[in-house]
Protein chains: 2
Amino acid sequence: MKNKKTTISDIAKALNLSPSAVSKALNHHPRISKATKEAVQRMAAELQYEPNHLAAALRKGKSHLIGIIVPAIDINFFASVVKGIESIINQEGYNAIITQSDDLAEKEIRNIDALLNTQVDGIICSLANTTSEYDHLEKIMSKEVPLVLFDRTPGRADISTVVIDDYQGAVSATEHLVEEGCQTILHLAGPLETLPYRLRAEGYQDVLKKHNIPFRSELIMPSGLTQTDGINCIKKALNLNLAIDAVFAASDHAALGAMRELAERGIKVPEEVAVVGFSNEGFGPFVEPSLSTVDQHGTQMGEWAAKLLLKQCENKGKKIKYEKVVLPTDLIVRSSSRRK
Amino acid sequence: MKNKKTTISDIAKALNLSPSAVSKALNHHPRISKATKEAVQRMAAELQYEPNHLAAALRKGKSHLIGIIVPAIDINFFASVVKGIESIINQEGYNAIITQSDDLAEKEIRNIDALLNTQVDGIICSLANTTSEYDHLEKIMSKEVPLVLFDRTPGRADISTVVIDDYQGAVSATEHLVEEGCQTILHLAGPLETLPYRLRAEGYQDVLKKHNIPFRSELIMPSGLTQTDGINCIKKALNLNLAIDAVFAASDHAALGAMRELAERGIKVPEEVAVVGFSNEGFGPFVEPSLSTVDQHGTQMGEWAAKLLLKQCENKGKKIKYEKVVLPTDLIVRSSSRRK
DNA sequence: TATTTTTGTTCAATCGATTGAACAGACAGC
DNA sequence: GCTGTCTGTTCAATCGATTGAACAAAAATA
């Protein structure tokens, strides 16, 4: 009458079978008779048997656990990605172990070790922005543990990645502003040494070129893209008398700062200056006027990352094929840029 | 020259020791000589040994995995709670397996089974709001797996829980409005059959009583607390000529709806009507005027939940002591209610 | 020197499930 | 009746680490 958990051998004993027969019955092994299978099922239910995944994982070398590393789970974008990942892997019977790097390379490394030791079947990761060396990624790969990176990725060919099409996102945003009749568009850019921000700036420039709008370098202002940065850039633009009629910011926070400063000066958005941001942060619909932006499809990104990873997991042993998925962005037009 | 992972016996073989000696050396067993310990460490490093937590977990009956169930990870509050939980359990060498119930009792049950089968050492859960039966919780408890509930809890004494002090939160919000000179405060309440909303309504009423402000039942409007509900309630209040000079909403979304509708009618916030919400949603600082609200301290709640859980984990075997933690709320005064 | 204690290590069982090989019985074909 | 194929089941090893008991050698005590 022990309170211990029921094991496979308890069922075996109760039915006068061998543990292996029970295991096979439970796993629908073809060589087990229907009668035995049914008896086992019944007895399992009766004894309230619950499989011990750990034991199976140890034996099979497959834990059905996926490790996830994000900079911070309470950033909406990453939470959406996690949601997407979960929805896919759950369907296939996997569970997610989530860890946070707090944007610290050092913690990222620790987390990877922890995940590896827990014998996860694969790892999905968005790099900390302090990460500059990739030894820890090499480690994952050398152990032949499937790896997929998303959003923040180093530019290398031997890792599967999922990113958004920053260039295209910038193109649609800028096109939209031009269509709304804007000609002097200020671009609040991110640090241009970082690929995504460079791509966004390029998209912006190419649209101007396409529409024969002369390019003026003073209209691209790189910054850290915080709300304060947005405010300062607008101040600068107004002081320089740039006569802008639109702002395309590479982040919603900078866009918001811009809107605040414009309002401060009594400049009407979108009538006098139209504004478009980037990332579709949660506050977009709530600000006044609601903020037009470029959506990054976090959930979808997570789903793709999970799919790529599971594909690698299933082809365990075979040579890994690296895939790059570039997701289209979505322009969300709200009040801050709608003039018509 | 196999690419296989190094195990404890590989180290043993290389040093002409037994696997058990190696295991003990690695675990700082007192009976192992210093010399051996050092040799083992060195060889472990050289062979790039990485422990297999699964194997240890199986043997020791302790996985160092904590299961978390939240309705949805992409709701900011739950993400913060998860962050808090992680910060505590990571310190103690645990990792978190996160699952989402999507607010479906059925999925909650499935997730619990999955977590139990994965042999988690404990479970932290916020119930789905469709959950009305508690058999699945009983199951966890009958297996003597530590369990802590937070935020959404059934009212029972035999489970440890962490919740916020809804009553106190409502009291501070209402007190604040009275201090700002408001006398006719509309309360946008949640469904009053749900405990937290009832407590908030009580806090509101008690403050009025304390200040000898006559209570008028038409000033309490229960709803689903969405933004639309907020809009509708204000419409109703204005149609009834209630002459309100403040709104205390039991959710930020409803508060936002209220502000929108007031703006629509040309009523100034906070000058004519002051507004306070509840929950401190992410958009609060970004709306115009920024929204005063009651903070629920998600991270802190997660930290407490984790602490309670770990305490139970450590006292494994002993009788579980159930604890209830009620966290204080924090009034955040922003522009929507500041008149002075 | 004999005896006890301490120290360092090995032995063997164990956690719970899985899996290929082995085996016995039923049945079919010739 | 002999050989061969199927079926249904058991055997035994295995995944990798842990742990109490056992044991030999060294050190301490008498």
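Chain letters run A, B, ... following the sequence lines, proteins first and then strands; every chain starts at 1. Keep in mind it's a predicted model, so treat the numbers as computed, not measured.
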Classify S20(A) by what it touches in the nucleic acid, base, sugar-phosphate, or nothing, heavy-atom distance under 4.0 Å. base

Applying a 4.0 Å non-hydrogen cut-off, can you work out what S9(B) is touching in the nucleic acid: base, sugar-phosphate, or nothing? nothing

Closest to side chain of R59(A), choosing from dT9(C), dG20(D), dT18(C): dT18(C)

Regarding the side chain of T36(B), the nearest nucleotide among dG8(C), dT19(C), dA17(D) is dG8(C)

Contact class for L26(B) (heavy atom, under 4.0 Å): base, sugar-phosphate, or nothing? nothing

Please report the distance, rounded to the nearest Å, between CG in N27(A) and C1' in dA17(C). 9 Å

Within the side chain of Q100(B), is there an N or O that forms a donor-acceptor pair under 3.5 Å with the backbone of I73(B)? yes

For A56(A), answer base if it contacts any base atom (sugar-phosphate contacts may also be present), sugar-phosphate if it contacts only those atoms, and nothing otherwise; contact means non-hydrogen atoms under 4.0 Å. sugar-phosphate

I32(B) CD1 - dA25(D) C1' separation (whole Å): 15 Å

Flag the pair E92(B) and K307(B) as a salt bridge only when some basic side-chain nitrogen lies within less than 4.0 angstrom of an acidic carboxylate oxygen. no

What contact category does N16(B) fall into here, base, sugar-phosphate, or nothing, at under 4.0 angstrom with non-hydrogen atoms? sugar-phosphate

With a 4.0 Å cut-off, would you call K139(B) and D113(B) a salt bridge? yes

NE2 of H28(B) versus C1' of dT19(D): gap in Å, rounded? 18 Å

Whole angstroms only, please: what is the CD-C1' distance between Q119(A) and dA17(D)? 11 Å

Report which part of the nucleic acid T7(A) touches: base, sugar-phosphate, or nothing (heavy-atom distance under 4.0 Å, all strands). sugar-phosphate

Look at S23(A) and dA17(C) and indicate whether a side-chain polar atom (N or O) is within less than 4.0 Å of OP1 or OP2. no

Counting N and O atoms only, with roles assigned by atom type, does the side chain of T99(B) sit under 3.5 Å from a partner on the main chain of I68(B), one being a donor and the other an acceptor? yes

Is S126(B) reaching over with its side chain to a backbone N or O of F150(B), donor-acceptor style, under 3.5 angstrom? yes

Applying a 4.0 Å non-hydrogen cut-off, can you work out what L54(A) is touching in the nucleic acid: base, sugar-phosphate, or nothing? nothing

I want to verify a distance call: between dC11(C), dG16(D), dA17(D), whose nearest atom is closest to the L58(B) side chain? dG16(D)

Whole-Å distance separating the CG atom of N52(A) from the P atom of dC15(C): 11 Å

Roughly how many Å is it from CD1 in I8(A) to P in dT14(C), rounded to a whole number? 18 Å

So if I take every side-chain heavy atom of R31(B) and compare against dT18(C), dC15(D), dG8(C), which nucleotide ends up nearest? dG8(C)

Please report the distance, rounded to the nearest Å, between NE2 in H64(B) and P in dT18(D). 10 Å

Considering only side-chain heavy atoms of K24(A), which listed nucleotide, dA17(C), dG20(C), dT9(D), is closest? dG20(C)

For the pair made of NE2 in H29(B) and P in dT6(C), what is the distance, rounded to whole Å? 15 Å

Give one of base, sugar-phosphate or nothing for S33(B), where a contact means two heavy atoms less than 4.0 Å apart. sugar-phosphate

Out of L309(A), I88(A), D121(A), I85(A), which residue meets the side-chain contact (heavy atoms from CB on, under 4.5 Å) rule with Y94(A)? D121(A)

